[in-house]
Amino acid sequence: MPRIDFRAPSAELARALVGASLFVEGVGGRIVETEAYDESDPASHSFAGKTARNAVMFGPPGRAYVYRSYGIHWCLNFVCLAEGHGAGVLIRALEPTAGIERMRERRGLPDERLLCSGPGRLCQALGVTHAMNGLRLDRAPFRVVPRADDASIAVAAGTRIGISKSRDLAWRFALAGSRFLSKPLRLP
DNA sequence: TGTATGATCGCCT
DNA sequence: GGCGATCATACAG
C-alpha cells in the first residue's frame, strides 16, 4: 500500500516516508525521521511566498528541495503537492544501510549512529548539495524505495525541532524506538 | 546531561 | 542588523 504519493499533503507524505529507503548514488538507508511543512505554516520556508531560494517548493512535486541551513549545512526536502503553494517534507534522519564506509569518509566522524542522524549530517553523508536542488527523486542520482507492504512499522508523531513558530504542531514523524533519531521524540 | 558558542549565508515572513 | 527547518566542540556539574 505505501506507494509513495508526492501529491499527498505534506503530513501524510511525511508519515508514509518513515520506513522507506533513500539512496543517493547507492549510498543511504532507511528513513527514520521526517518533518512536514506547508504554506499555512509560519515555520515553513514557503509561508512568506516564493523567493529564489525556495522556488523549487512551488514547482512540481517529487523533486528535491535543497537549501543551505545556517550558512553551513545542506538540508534535503521532498517537494509534495505544490501547485503554486509550496509544501515539502524535510528528511531528518536515516538508519544507514548502504555505503557506510563512504559515509564515514565524507563525515570524518566514525560513529555510525551519528552518520545520518540529523538533516545536515545526512546530506553530508550522502553527498547531497545545492547541485541537486530541483532534481527529480525518481531518477539518478536518487532512489526512493517504499517500505514493504507487510512491514509492520510503528510510526510515532511528535513536535518539530529547531523552529520557533508553530511549535505545537505534531508534524514530526519517527520510527518508534529507532536509535538513529536526531533527538528523542517529543509528544505535543 | 545540560548549556554556550562559533561557523557563515539568504532573506527579512 | 538579526535571525534561522544545524552541528561540533568546550565546559560545568
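The figures that follow rest on heavy atoms only: side chains count, while hydrogens, waters and symmetry mates do not. Naming: A, B, ... by sequence-line order, numbering from 1 per chain.
- For the pair A/R104 (side chain) and A/P110 (backbone), a donor-acceptor distance under 3.5 Å is present.
- Across all their heavy atoms, A/P188 and A/A170 have their closest contact at CG-CB, 3.8 Å.
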Would you give a per-nucleotide map of nucleotides 8-13 of chain B, 5' to 3', where B means the base has a protein non-hydrogen atom under 4.0 Å away, S means only the sugar-phosphate does, and - means neither? BBSSSB
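- Separation of the C1' atoms belonging to C/dA8 and B/dG10 is 23 Å when rounded to the nearest angstrom.
- Under the 3.5 Å distance criterion, the side-chain polar atoms of A/S44 are left unmatched by any main-chain donor or acceptor of A/Y37.
- Contact check on A/D138 versus A/R136 returns a salt bridge, with a Lys/Arg side-chain nitrogen under 4.0 Å from an Asp/Glu carboxylate oxygen.
- Close approach of DNA chain C to chain A, defined as any atom under 4.0 Å from a non-hydrogen atom of the protein, starts and stops at C/dG4 to C/dA8.
- A salt bridge links A/R160 and A/D41; the closest N-O separation between the charged side-chain nitrogens and carboxylate oxygens is under 4.0 Å.
- The environment of A/R106 atom CZ is dense: over 12 non-hydrogen atoms of other residues, nucleotides or ligands sit within 6.0 angstrom.
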Give DNA chain C the dot-bracket treatment, 5' to 3': Watson-Crick (N1-N3 with N6-O4 or O6-N4) or G-U (N1-O2, O6-N3) under 3.5 Å, [ ] crossing, | other strand. ||||.|||||||.
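- Atom CG of A/D168 has 12 or fewer heavy atoms from other residues, nucleotides or ligands within 6.0 Å.
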Step-by-step side-chain contact (heavy atoms from CB on, under 4.5 Å) determination, A/V89 to A/N77: CA-CA 5 Å; A/V89 174; A/N77 289 253; 5.9 Å; no
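- Of all the heavy atoms in A/L76 and A/L22, the pair that sits closest is CD2-CD2, 3.9 Å.
- The P atoms of B/dA4 and C/dC3 are separated by 16 Å, rounded to the nearest whole Å.
- Of the residues in residues 181-188 of chain A, none has a non-hydrogen atom less than 4.0 angstrom from any atom of DNA chain C.
- Between the side chains of A/T159 and A/R186, a donor-acceptor pair is found at a separation under 3.5 Å.
- Nucleotides B/dT5 and C/dG13, compared at atom P, are 15 Å apart to the nearest Å.
- Residues in residues 112-146 of chain A take part in these ring-ring contact (aromatic ring centres under 6.0 Å, His included) pairs, two or more places apart or across chains: A/W74-A/H130.
- Side-chain atoms of A/S182 and A/E33 include a donor-acceptor pair closer than 3.5 Å.
- Here A/S10 contributes atom OG and A/E35 contributes atom CD; the two are 11.0 Å apart, rounded to the nearest 0.5 Å.
- Of the residues in residues 93-130 of chain A, none lies under 4.0 Å from DNA chain B by heavy-atom distance.
- Under the 3.5 Å distance criterion, the side-chain polar atoms of A/R107 are matched with a main-chain donor or acceptor of A/L114.
- Salt bridge status for A/E12 with A/R15: absent, with no side-chain N to carboxylate O gap under 4.0 Å.
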